[in-house]
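First up is the structure itself, then whatever we jot down about it.
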Amino acid sequence: MYKDIQLANADVLVILGDSPQRASQYAETLKTPFPVLSDTDRAVYHRFELEKNFIGIQRTASVVVDREGLIRYIKRSLNPMTWLQESRDLLEFVKGMESKP
């Protein structure tokens, strides 16, 4: 869906709460066409309340930030296996932003 997101005048990046080396390995292993950034002190994870749950599963989130830096969409998930449906929802939201002034 990356090309579809780009066609909607948006872009993707991933932020890992890990070292730059692990972020690089993640990007290389998955062959991501978008940046994978490192959040070694997990400041972004704390800010968006994405700490691991009581059984150790990492919470994830999809966030849309507009050109003015305002968060227009955020969806947190406790189940990392729902990423495909969430990606579709995110793409529909981004496409809808194009039609708004």
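Positions are given from 1, in the same order as the sequence printed here. The model shown is predicted, which means the values in this text are computed figures rather than measured ones.
A pairwise comparison of heavy atoms in Pro35 and Val12 identifies CD-O, 3.4 Å as the closest pair. Minimum heavy-atom separation, Asp66 to Arg72: OD2-NE, 2.7 Å. When all heavy atoms of Val36 and Ala23 are compared, the closest pair comes out as CG1-O, 3.5 Å. Across every non-hydrogen atom of Val44 and Asp39, the tightest pair is N-OD2, 2.9 Å.
Between Leu13 and Ile15, the closest side-chain pair of non-hydrogen atoms falls below 4.5 Å.
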- When you look at Asp11 and Tyr2, which way does the side-chain contact (heavy atoms from CB on, under 4.5 Å) test go after all the steps? CA-CA 8 Å; Asp11 214 335; Tyr2 182 59; 2.8 Å; yes
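Hydrophobic clustering, with ILVMFWY side chains joined whenever heavy atoms are under 4.5 angstrom apart, groups Leu37 together with Ile71. Grouping the Ile, Leu, Val, Met, Phe, Trp and Tyr side chains by contacts below 4.5 angstrom, directly or via other members, places Leu70 apart from Val65. Two different hydrophobic clusters hold Leu7 and Met97 under the rule that ILVMFWY side chains link at heavy-atom gaps under 4.5 Å.
One N or O on the side chain of Arg42 and one on the backbone of Gly17 form a donor-acceptor pair closer than 3.5 Å. Between the Ser38 side chain and the Asp18 main chain, a donor and an acceptor come within less than 3.5 Å of each other.
Rounding to the nearest 0.5 Å places CD of Glu92 at 10.0 Å from CG of Leu90. Of the inter-residue distances, the one linking Arg22 atom CZ with Thr29 atom OG1 reads 8.5 Å to the nearest 0.5 angstrom.
Other residues, nucleotides and ligands contribute more than 12 heavy atoms inside 6.0 Å of the OH atom of Tyr73. Other residues, nucleotides and ligands contribute over 12 non-hydrogen atoms within 6.0 Å of the CZ atom of Arg76.
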